[in-house]
Amino acid sequence: MQFNKTKIGILGGGQLGKMLCLSAANLHLEMHILDSAPCSAQNYCTQFIEGSFKNYEDVLVFGRSVDVITVEIEHVNIEALEVLEREGKKVYPSTHALKTIIDKGTQKEFYLKNNIPTVETLFFSGKKQLIKHYENNFSPFVWKSRREGYDGKGVIFVKTQNFDSLPDTPCIAETPVKIKKEISILLARNINGEIAFFPATEMIFEESANLLLFQTCPADISNYVELEAQYYAERIATELEIVGLLAVEFFLTDEDRLVVNEVAPRPHNSGHHTIEACDTSQFEQHLRAILNFPLGSTELRKPAALLNLLGAEGFSGEPIYKNYGLILKIDDAHLHLYGKQTTKPFRKMGHLTVLNDDVKKALEIVKKIHQQISCES
Ligand code: ADP
């Protein structure tokens, strides 16, 4: 095993890239980041290259300068990665996996083809086709842009026959699910095909922001449900030949049925607690997987609750962290700030993990602190 000899390139230098770099520092790995400046990872990598991970030339030149390429975001220039793959460069996740996942429509087609349970979905090439379908045949649906959120709008709940707010872009329409719980299964798969699962995380969304706000681990689900979720997650990872992390988000319906919502082939918000709560963090595990090292133990050392620290509504500009000092007084509380230069409503500015032998107590603590702090400008 050759340590420290491989140049790892990450497309994207946000908080996920930063936390990958922090983890890589323990193994003294050489980390190169491509992103625009300023960004969270800029001062924590071995080499920062200013550019755009969406730009063909930038990705090609960057990719040629490193040995292994990975991503912290799916929406990167895939054409350049395909050239790099053809040149023999290691790209994890592969462009095949990225292409399947990057578009919510092809993701759904993949689940249907592979008999993975997912939400009932219709596919439309644009707004006209969607209206044609729904004007005489209306029932509420969840509109989702096939590609990256359009004008910041990626998901819209459509409850009445008013389609004015819908962007005109290729989209899918899902049947609304009666969700009992949202859970995430995070796994890592290395080049040899070995897989390690982290314990399931339960995600609690903030309705007004449509964002993951709180999460707990272990999830309050039966062993059976967790094993079933692992079964589907493993099938997705194997079929897509994922190398690195794969996060699989599920809905547990009010009839106790598991359906896949979506997947991400990279470190994931639902795994941030693993930094302190598990034997191996998701970030180290990703690095182990893409370097084909043995995967680490994923055992949960202590139950955890996590709070995403979001920019407060009504504030945009240089962040002011109000009352954050309170966090530092809490036992076994671990604050992570991402160092973003500007705050915006609901922007992820950091996260807080609280460990406690009682997961309910940990959740109570983060809910209380959520009431007391605020990121303003
Ligand atoms: P994003 O890609 O922006 O994370 P998601 O597809 O995960 O968007 O949707 C965001 C949230 O909206 C989900 O976590 C869930 O709470 C809710 N949601 C999404 N799809 C459905 C659906 N078909 N039925 C009910 N709620 C949904």
Side-chain angles (χ1 to χ4, degrees), residues 12 14-16 71-76 98 100-112 116-124 130 133-134 138-160 165-167 169-186 200-216 219 221 229 232-233 236 245-272 306 308 310 344-348 351:
Q15 65 264 24
L16 301 176
V71 302
E72 63 132 39
I73 179 167
E74 300 87 305
H75 304 282
V76 296
L98 281 172
T100 308
I101 292 169
I102 202 170
D103 177 316
K104 288 196 178 182
T106 51
Q107 236 189 85
K108 292 284 173 191
E109 283 159 4
F110 168 83
Y111 302 139
L112 294 172
I116 306 279
T118 186
V119 184
E120 210 177 307
T121 307
L122 295 174
F123 302 77
F124 298 105
L130 180 139
H133 174 85
Y134 279 108
F138 185 79
S139 58
F141 61 93
V142 184
W143 178 95
K144 295 185 182 180
S145 169
R146 283 186 70 130
R147 287 289 179 138
E148 220 177 339
Y150 187 87
D151 280 349
K153 284 184 189 164
V155 178
I156 302 171
F157 285 73
V158 183
K159 295 189 175 128
T160 65
S165 64
L166 297 183
T169 186
C171 61
I172 57 172
E174 293 183 357
T175 305
V177 175
K178 287 194 180 125
I179 300 172
K180 190 195 261 181
K181 277 180 196 297
E182 297 193 39
I183 63 162
S184 162
I185 293 285
L186 184 63
T201 303
E202 186 167 334
M203 302 180 289
I204 304 160
F205 278 79
E206 159 79 349
E207 296 245 335
S208 63
N210 221 354
L211 259 182
L212 177 78
L213 189 58
F214 304 109
Q215 69 193 36
T216 52
I221 51 173
Y232 291 125
I236 296 169
L245 290 166
L246 181 75
V248 184
E249 294 179 28
F250 291 90
F251 299 146
L252 182 64
T253 70
D254 63 352
E255 292 160 340
D256 280 328
R257 225 165 54 83
L258 272 177
V259 288
V260 172
N261 174 31
E262 60 177 356
V263 301
R266 53 165 170 79
H268 194 253
N269 202 137
S270 66
H272 288 350
L306 181 136
N308 274 318
L310 308 181
K344 280 190 270 189
F346 307 119
R347 188 171 195 202
K348 286 177 185 166
H351 74 263

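Numbering of ligands and ligand atoms starts at 1, following listing order. Residue numbers run from 1 in the order of the sequence given. Note that the structure is predicted; figures quoted are calculated from it, not measured.
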Criterion side chain to side chain donor-acceptor pair (under 3.5 Å) against Lys180, the qualifying member of Asp254, Asp256, Thr253: Asp256
Stepwise side chain to side chain contact (heavy atoms under 4.5 Å, CB included) check, Ile101 with Gln107: CA-CA 5 Å; Ile101 292 169; Gln107 236 189 85; 3.6 Å; yes
Pair Thr201, Ser270: side-chain N/O donor-acceptor within cut-off below 3.5 Å: no
Approximate separation, where rounding is to 0.5 Å, of Glu120 CD and Lys108 NZ: 10.5 Å
From the candidates Val142, Thr118, Thr253, the one that places a heavy atom nearest atom 22 (C) of ligand 1: Val142
Exceeds 12 heavy-atom contacts within 6.0 angstrom, atom NZ of Lys344: no
Winner among Lys144, Gln107, Glu174 once heavy atoms are compared against atom 6 (O) of ligand 1: Lys144
Location of contacts on Glu262 toward ligand 1, heavy atoms closer than 4.0 Å: side chain
Between OG1 on residue Thr216 and CD on residue Glu202, distance to nearest 0.5 Å: 4.5 Å
Aromatic ring pairing Phe250/Tyr232, orientation class (parallel under 30°, perpendicular over 60°, tilted between): tilted
Atoms of ligand 1, numbered as shown, that sit under 4.0 Å from any heavy atom of Thr175: 23 (N)
Non-hydrogen atom of Lys178 closer than 4.0 Å to ligand 1: no
Ligand 1 to Val177 polar contact by distance, N or O atoms, under 3.5 Å: yes
Per-atom contacts, ligand 1 versus Pro176 - under 4.0 Å to a heavy atom: 24 (N)
Where ligand 1 meets Glu182 - atom numbers and elements under 4.0 angstrom, heavy-atom basis: 13 (C), 14 (O), 15 (C), 16 (O)
Ligand-side contact atoms (ligand 1) for residue partner Ile179, heavy atom cut-off under 4.0 Å: 25 (C), 26 (N)
Subset of ligand 1 atoms that lie under 4.0 Å from at least one heavy atom of Val119: 23 (N)
